[in-house]
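Here is the structure we will look at.
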Amino acid sequence: MKKIMVCCGSSMITSTMAINKLKQAMQDAGIIQCKFAEVQGKVKEERPDVIVPTGVLKDTLTDDVPVVVGTCFVTGVGEKATIDKILEILSK
């Protein structure tokens, strides 16, 4: 099973919004939710296929896991393009 890590500052509102929209589009992927402060440890523990932050995330925390910024899930602008990009990464 492919894994998507969704993260935000407090692991509450914006990441939950993103997760709700991703669940509709990607039923075959496991979704991990965490705070930005937990990303580095969760990446090592969970080994996600893609990370979807709802804000700015430092590259040094991602351990070379592809990152697709998920701000669109909060704003509603560009959601389809972002979902397509995530699907492309997951298909590899």
Side-chain angles (χ1 to χ4, degrees):
M1 176 187 290
K2 298 291 184 168
K3 294 181 185 178
I4 302 167
M5 179 182 289
V6 180
C7 53
C8 70
S10 66
S11 189
M12 299 290 269
I13 297 170
T14 59
S15 62
T16 300
M17 290 172 67
I19 286 170
N20 289 336
K21 292 180 181 183
L22 287 170
K23 280 182 180 177
Q24 294 171 8
M26 299 170 203
Q27 297 172 350
D28 294 332
I31 299 178
I32 304 154
Q33 184 176 19
C34 66
K35 301 174 187 177
F36 287 159
E38 301 170 323
V39 169
Q40 193 169 29
K42 291 279 187 185
V43 165
K44 291 179 184 350
E45 178 184 322
E46 300 284 346
R47 298 304 312 160
D49 297 286
V50 63
I51 299 171
V52 182
T54 58
V56 179
L57 181 66
K58 294 179 183 177
D59 291 341
T60 58
L61 303 176
T62 63
D63 199 25
D64 294 326
V65 174
V67 174
V68 178
V69 178
T71 310
C72 66
F73 299 119
V74 178
T75 66
V77 177
E79 288 180 13
K80 183 181 178 341
T82 301
I83 288 171
D84 289 347
K85 194 171 190 179
I86 294 168
L87 287 170
E88 180 183 332
I89 291 168
L90 295 178
S91 70
K92 293 180 182 178

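Predicted model only: the values in this text are computed from it and were never measured.
In this structure Lys92 satisfies the side chain to side chain contact (heavy atoms under 4.5 Å, CB included) test together with Glu88, sequence neighbours excluded. Shown here are the side chain to side chain contact (heavy atoms under 4.5 Å, CB included) partners of Ile89, two or more places apart in sequence or in another chain: Val50, Pro66, Val68. Remark: Thr16 pairs with Gln33 by the side-chain hydrogen bond (donor to acceptor under 3.5 Å, both in side chains) rule, at least two apart or across chains. For Glu38, the side chain to side chain contact (heavy atoms under 4.5 Å, CB included) partners two or more places apart in sequence, or in a different chain, are Cys34, Lys35, Lys42. Scanning for side-chain hydrogen bond (donor to acceptor under 3.5 Å, both in side chains) contacts around Thr62 gives an empty result, with sequence neighbours left out. When the salt bridge (Lys or Arg N to Asp or Glu O under 4.0 Å) test is applied to Lys3, the partners found at least two apart in sequence or on another chain are Glu46. Residues that satisfy the side chain to side chain contact (heavy atoms under 4.5 Å, CB included) test with Val43, not counting sequence neighbours, are Met5, Val39, Arg47, Pro48, Ile51, Asp63, Val65.
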Please tabulate, for the side chains in residues 73-87, all donor-acceptor contacts under 3.5 angstrom to protein atoms that are two or more places apart in sequence or on a different chain.
| residue | atom | partner | partner atom | Å |
| --- | --- | --- | --- | --- |
| Thr75 | OG1 | Val77 | N | 3.2 |
| Glu79 | OE2 | Lys21 | NZ | 2.8 |
| Lys80 | NZ | Asp84 | OD2 | 2.9 |
| Thr82 | OG1 | Gly78 | O | 3.1 |

Do any side-chain atoms of residues 24-32 form donor-acceptor pairs under 3.5 angstrom with protein atoms, and if so which ones, sequence neighbours left out?
none

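Hydrophobic side-chain contacts under 4.5 Å tie Met1 to no other Ile, Leu, Val, Met, Phe, Trp or Tyr residue.
Of the inter-residue distances, the one linking Leu90 atom CG with Ile4 atom CD1 reads 5.0 Å to the nearest 0.5 angstrom.
With a 4.5 Å cut-off on side-chain heavy atoms, Pro53 and Val67 count as touching. Ser15 is not listed as a side-chain neighbour of Cys7, based on a closest heavy-atom distance of 4.5 Å or more.
Listed by first and then second residue, the salt bridge (Lys or Arg N to Asp or Glu O under 4.0 Å) pairs involving residues 67-77 amount to none (not counting sequence neighbours).
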